[in-house]
Amino acid sequence: MAFDEIFQPLQFRNLVLKNRILRSNVSGRFDNYDGSGNQARINWETKFARGGAGAIVSSFVPVHLRGRIVPNYAMIDDDRHIPFWRELGCAVHEHDCKFIMQLSHSGRQRDVPGIEYTTGLSSTARPDPTHGFQCERMSTEQITEVVSAFAEGARRAREAGLDGVELHGANGYLITQFLSSAINDRDDEYGGSLENRARFVLEIVRAIRARVGDDFHLQMKISVHEHNDAIAFFGLGSSGNSAEESVQVCRWLEQAGVDAIHVSIGSFFPHPRNPAGVDLPAEELAKTYDTMISSGDRAFRNYLLFRSLPAFARRQWNDAAPQAQNIEGANLPDARRVKAAVSIPVICTGGFQTASVIASAIRRGDCDAVSIARPLIANNDLVRTFERGQDRPDRPCTYCNKCLVNVVENPLGCYEPARFPSREAMVAEIMSVFNPPPFA
Ligand SMILES: Cc1cc2nc3c(=O)[nH]c(=O)nc-3n(C[C@H](O)[C@H](O)[C@H](O)COP(=O)(O)O)c2cc1C
Ligand code: SF4
């Protein structure tokens, strides 16, 4: 078969995938306000299982109500959610696809807090610099509570028959808020040195191992480079953790019992480098960002910027983003660094949609597998395209990031009209996630 490297099974310590392509995490507001899941999410995930992905790594699944980004994401904070995840897992398994749940806590980085908790938790008391969400510095009791929420989340995922869990340790959410030298300003045993900043995540890993045993797949998504100072307008200060520091964290994670590393980038989300786009869709962003105006102290300022000065916003963002021709595989150098330091498999995210590029990365030993988000949103059957020997889909993802800026208000899907014969066809494809309906 062409692109042999892609279609070799991938052996983790406790899990085997049929190929080297994982659907990367993509969150969308499909579920119910109270964190219970619904049929739309099952329909959504099944699209990628049917399309041939070896595994699906779920959306951001909060382990605690205070750790959600927006309402309407399915959660894993209570045993009552286990039957839903079991049903979802079974639907995905029917297509010989594995399902890995991303255990997550937003910390201070949220979009729409919802009515239960108006302030978030963090390693620091400083608000999130992008939208200006206020937060509370966590006490050691609160740290212990969240560590145990992660362990309970893993236990519930296992009881639901899922194939593993991923810690969302990347992109500025709570675990990053502890790991990052640019965010964590504590002077107790959870702050200061790298060893202290890593204490929180290592406690989570040990608590999960104690709760679910050693034979359940556990991986961690991490931002190897943080580029915390990417946007001057946000006044973001220092650049954050170096690659050397992140690689050391990966070594500790492996020693503590993590089975794979998922390489990402950026100390906040979204970030000009994640998901890296060809151009910030500022006008489209202004149409949905109004949802957030009352959420954070800086959100109204940002809204005015996107509305009134889209060219300025675009320049700030685009100057910090990779060149269009470098988007595919932009994180491979970081994956290579991690791979040289650990003996567990390394998964790389970032722009992949050309079979020969993926096959070469695996052959060179840069990574063991890739994860794909937007190109799979654009072409749910991308893996089938590769299976047929085609190097690139006929209508590739343009990296326009319109899916991303719509997600806070509208259903997740591809919003690039240029990829569809008509706007109606685009809307029909987006709305297909509601078919079959919940009470069919
Ligand atoms: C709409 C959207 C939602 C995302 N949600 C998540 C998420 O919940 N958790 C996460 O770790 N990454 C999330 N990401 C990042 C992707 O998983 C992926 O790592 C990133 O987009 C780069 O891959 P790509 O170039 O294949 O899109 C999201 C990306 C997009 C576009
Ligand atoms: S809207 Fe479509 S084409 Fe644009 S980045 Fe998202 S998936 Fe790709």
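Just so you know, ligand 1 is whichever comes first in the structure, and atom 1 is the first atom listed for that ligand.
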Checklist entry - For Ser371 and ligand 1, does the shortest N/O to N/O distance drop below 3.5 Å? => result no

Item to check | Verdict with supporting geometry, His271 and Phe268, ring-ring contact (aromatic ring centres under 6.0 Å, His included) | outcome: CA-CA 6 Å; His271 186 284; Phe268 53 96; 4.5 Å; yes

Next on the checklist: If the cut-off is 4.0 Å to any non-hydrogen atom of Arg419, which atoms of ligand 2 fall inside it?
Outcome noted: 3 (S)

Checklist outcome for this item: Note: ligand 2 atoms sitting under 4.0 Å from heavy atoms of Tyr415 are 1 (S)

Item to check | Best match, Gly351, Ser59, Ser24: closest heavy atom to atom 24 (P) of ligand 1 | outcome: Gly351

Item to check | Metal site atom 2 (Fe) of ligand 2: N/O/S of Cys414 inside 2.8 Å | outcome: yes

Checklist entry - What is the closest protein heavy atom to atom 9 (N) of ligand 1, and at what distance does it sit? => result Gln102 OE1, 2.9 Å

Checklist entry - Does even one non-hydrogen atom of Phe269 get within less than 4.0 Å of ligand 1? => result yes

Item to check | Identity of the nearest option to atom 20 (C) of ligand 1, non-hydrogen atoms only, from Asn274, Ile69, Ile265, Asn25 | outcome: Asn274

Checklist entry - Is His95 close to Thr46 at the side-chain level, that is, under 4.5 Å between some pair of heavy atoms? => result yes

Checklist entry - Is it true that the side chains of Tyr289 and His131 contain a donor and an acceptor less than 3.5 Å apart? => result yes

Next on the checklist: I want to check a possible cation-pi pair here: Arg29 against Phe60, using under 6.0 Å from ring centre and within 45° of the ring axis as the test.
Outcome noted: no

Checklist entry - Considering only the protein, which heavy-atom contact is closest to atom 8 (O) of ligand 1, and what is its distance? => result Ser27 OG, 2.6 Å

Item to check | Check against salt bridge (charged side-chain N to carboxylate O under 4.0 Å, His left out), Arg374 and Glu416 | outcome: CA-CA 11 Å; Arg374 294 165 300 167; Glu416 171 62 294; over 6 Å; no

Checklist entry - Is the distance from atom 8 (Fe) of ligand 2 to the nearest N/O/S atom of Cys397 under 2.8 Å? => result yes

Checklist entry - Between Arg41 and Phe30, what is the shortest heavy-atom contact and its length? => result NH2-CD1, 4.0 Å

Checklist outcome for this item: If you scan protein heavy atoms around atom 12 (N) of ligand 1, the nearest is Lys221 NZ, 3.2 Å

Item to check | Interatomic spacing from CZ in Arg384 to CD in Glu387 - rounded to 0.5 Å | outcome: 5.0 Å

Next on the checklist: For the residue pair Asn318 / Asp279, report whether a side-chain donor-acceptor contact shorter than 3.5 Å exists.
Outcome noted: yes

Next on the checklist: If the cut-off is 4.0 Å to any non-hydrogen atom of Tyr399, which atoms of ligand 2 fall inside it?
Outcome noted: 5 (S)

Checklist entry - Which atoms of ligand 1 have any heavy atom of Leu412 under 4.0 Å away? => result 1 (C)

Item to check | atom 23 (O) of ligand 1: the protein heavy-atom neighbour that sits closest, reported with distance to 0.1 Å | outcome: Thr349 OG1, 3.3 Å

Checklist entry - Near atom 6 (Fe) of ligand 2, is there an N/O/S atom from Cys403 that is less than 2.8 Å away? => result yes

Item to check | Contacting atoms of ligand 2, where contact means under 4.0 angstrom from a heavy atom of Arg374 | outcome: 5 (S), 7 (S)

Checklist entry - Taking it one step at a time, do Phe386 and Phe7 satisfy ring-ring contact (aromatic ring centres under 6.0 Å, His included)? => result CA-CA 9 Å; Phe386 296 163; Phe7 295 100; 7.5 Å; no

Checklist outcome for this item: Tested for side-chain hydrogen bond (donor to acceptor under 3.5 Å, both in side chains) against Gln177, the lone hit among Ser122, Ser267, Ser123 is Ser122

Checklist entry - To which protein heavy atom is atom 26 (O) of ligand 1 closest, and what is the distance rounded to 0.1 Å? => result Ala373 N, 2.8 Å

Item to check | Beyond-backbone contact of Gln390 with Asp394, side-chain heavy atoms, under 4.5 angstrom | outcome: yes

Checklist outcome for this item: Ile372 heavy atoms within 4.0 Å reach ligand 1 at atoms 26 (O)

Checklist entry - If you count the atoms of ligand 1 from 1 in the order shown, which ones are under 4.0 Å from a heavy atom of Pro275? => result 21 (O), 31 (C)

Next on the checklist: With a 4.5 Å cut-off on side-chain heavy atoms, are Ile261 and Ile347 touching?
Outcome noted: no

Item to check | Test item, Pro375 contacting ligand 1 (heavy atom, 4.0 angstrom) | outcome: yes

Checklist entry - Between Phe60 and ligand 1, does any nitrogen or oxygen pair lie at a separation below 3.5 Å? => result yes

Checklist entry - Do you see a donor-acceptor pair shorter than 3.5 Å between the side chains of Thr119 and Gln134? => result no

Item to check | Closest protein heavy atom to atom 31 (C) of ligand 1, given as residue, atom name and distance to 0.1 Å | outcome: Arg374 CG, 3.6 Å

